[in-house]
There are 2 protein chains.
Amino acid sequence: MFSKSTGYALRATLYIAQKGTEDHKIGIDDISKAIGSPRSFTAKILQLLTKNNKIIHSTTGPHGGFYMTEKAKNLPVRAILQAMGEDGLLDRCILGLAECSEKRPCPMHSKYKIIKTQLIGLFETETINQLASDIQSGKVFMKLK
Amino acid sequence: MFSKSTGYALRATLYIAQKGTEDHKIGIDDISKAIGSPRSFTAKILQLLTKNNKIIHSTTGPHGGFYMTEKAKNLPVRAILQAMGEDGLLDRCILGLAECSEKRPCPMHSKYKIIKTQLIGLFETETINQLASDIQSGKVFMKLK
DNA sequence: ATAATAAAAGACAATTTTATCTTTTATTAT
DNA sequence: ATAATAAAAGATAAAATTGTCTTTTATTAT
Ligand code: FES
Ligand code: FES
């Protein structure tokens, strides 16, 4: 569905939401180990999330690291996709046409749009901290390998 | 969702299903113009579809080109994904975990699986010629640009 | 047989995505 | 002030995807 990068972004954000607070920040080393992603590459991705949409925050230096504000934790998961520039993917034509629209629908459109609506709804209604607390409950998981 | 290649594969196949019969084969030039895809690249992709799963057939020489048997036209659209090796995509974890399973579900799993089931069902139940005839009815479209 | 046609096959190139490594900058604690 | 820490920034590289171009092979019609 999404790119590897966006997968890392989603999982890293959920991890930070779980463990990172303003007075207990999480280092990139911890994060990349926890979610099973390449360290430096993940660092780049987190920079996007701090700059573009301020989903996560970071500080340098000792005791520095990544964390999220309570406000940001209440954002829908979709906000992460937006920060990664992959939000549009949810709206795309499943057959790869330039755009998915009612005006020039592809042969899959009428049936796919119902699914698409649910998909967008899912990313729109689920919040980052809902998912994060589900992980902490121990019933769901997030490590790659 | 799918790669560009798979998009071309889907659209090319639907075009061939519409226009190509054993005594009126369709040339790669015609196909790539019709669906708005790079000619030579599309040719490669069609080779996969002829070799791997025999979804489409082809002959060389004058009056040669691509066509489909009636049997193949009754295949589900999913068969095209399979031939392209992207069938697994439908089953993948939306957060990018190594596998999507009930045993180690990600935090999106329980809600996503309902959508996923519909998605797989859609590709499984829609047949190539159903979509192709919808295109011929003129109500739906398939050109990239 | 020969020429013409069209896909198959192969070589290569451009682009995008993913990944690694090094240097710099900001912050903290001593 | 200085050393230590950790992210930011930058440079570079590997891998995968997408795209182009040329040559070969198979088929048809003359
Ligand atoms: S136009 Fe193809 S899914 Fe909407
Ligand atoms: S495990 Fe993530 S969607 Fe099933």
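Quick note on labels: first sequence line is chain A, next is B, and so on, each numbered from 1. Just so you know, these numbers use all the heavy atoms, side chains as well, and skip hydrogens, waters and symmetry mates. These numbers were taken from a predicted model, which means no experiment stands behind them.
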* Asked: Under 4.0 angstrom, heavy atoms only, what part of the nucleic acid is A:Ile26 near: base, sugar-phosphate, or nothing?
  -> sugar-phosphate
* Asked: Can you tell me if NZ on A:Lys19 sees more than 12 non-hydrogen neighbours from other groups inside 6.0 Å?
  -> no
* For atom NZ of B:Lys25, decide whether the heavy atoms of other residues, nucleotides or ligands shown that lie under 6.0 angstrom number more than 12. => yes
* Structure fact -> When A:Leu46 and B:Ser5 are each assigned the nearest nucleotide of DNA chain D, the 5'-most assignment goes to A:Leu46
* When the nearest nucleotide of DNA chain C is assigned to A:Pro62 and to A:Thr6 on a heavy-atom basis, which residue is associated with the more 5' position? -> A:Thr6
* Asked: If you look at every strand shown and take non-hydrogen atoms under 4.0 Å, does B:Ser40 touch a base, only sugar-phosphate, or nothing?
  -> base
* Asked: In this structure, which one of B:Ile31, B:Ile80, B:Leu75 forms a side-chain contact (heavy atoms from CB on, under 4.5 Å) with B:Thr13?
  -> B:Ile80
* For the atom pair CD (A:Glu86) and OG1 (A:Thr6), what is the distance rounded to the nearest 0.5 Å? -> 3.0 Å
* To do: To the nearest Å, give me how far apart CZ (A:Arg39) and C1' (C:dA19) are.
  => 13 Å
* Asked: Which dot-bracket string describes DNA chain C (Watson-Crick N1-N3 plus N6-O4 or O6-N4, or G-U N1-O2 and O6-N3, all under 3.5 Å; [ ] crossing; | other strand)?
  -> ||||||||||||||||||||||||||||||
* Without hydrogens or angle criteria, can the side chains of B:His109 and B:Glu102 be said to hold a donor-acceptor pair below 3.5 Å? -> yes
* Asked: Quick one: A:Ile28 CD1 to C:dC21 P, roughly how many Å, whole number?
  -> 15 Å
* Structure fact -> 5'-most contact on DNA chain C (nearest-nucleotide basis), B:Gly27 vs A:Pro38, goes to B:Gly27
* So what does A:Lys44 hit on the nucleic acid, given a heavy-atom distance under 4.0 Å: a base, only sugar-phosphate, or nothing? -> base
* Under a 4.5 Å side-chain heavy-atom rule over Ile, Leu, Val, Met, Phe, Trp and Tyr, are B:Leu95 and A:Ile120 clustered together? -> yes
* Between A:Ser32 and A:Thr42, a side-chain donor and acceptor under 3.5 Å -> no
* Asked: Any side-chain N or O of A:Lys4 under 4.0 Å from OP1/OP2 of C:dA19?
  -> yes
* Regarding A:Asp30 and A:Tyr15, is there a side-chain donor-to-acceptor distance under 3.5 Å anywhere? -> yes
* Asked: What distance separates A:Gln47 CD from A:Ile56 CD1, expressed to the nearest 0.5 Å?
  -> 9.5 Å
* Under 4.0 Å from any heavy atom of chain B: name the first and the last nucleotide of DNA chain D that qualifies, 5' to 3'. => D:dT18 to D:dA29
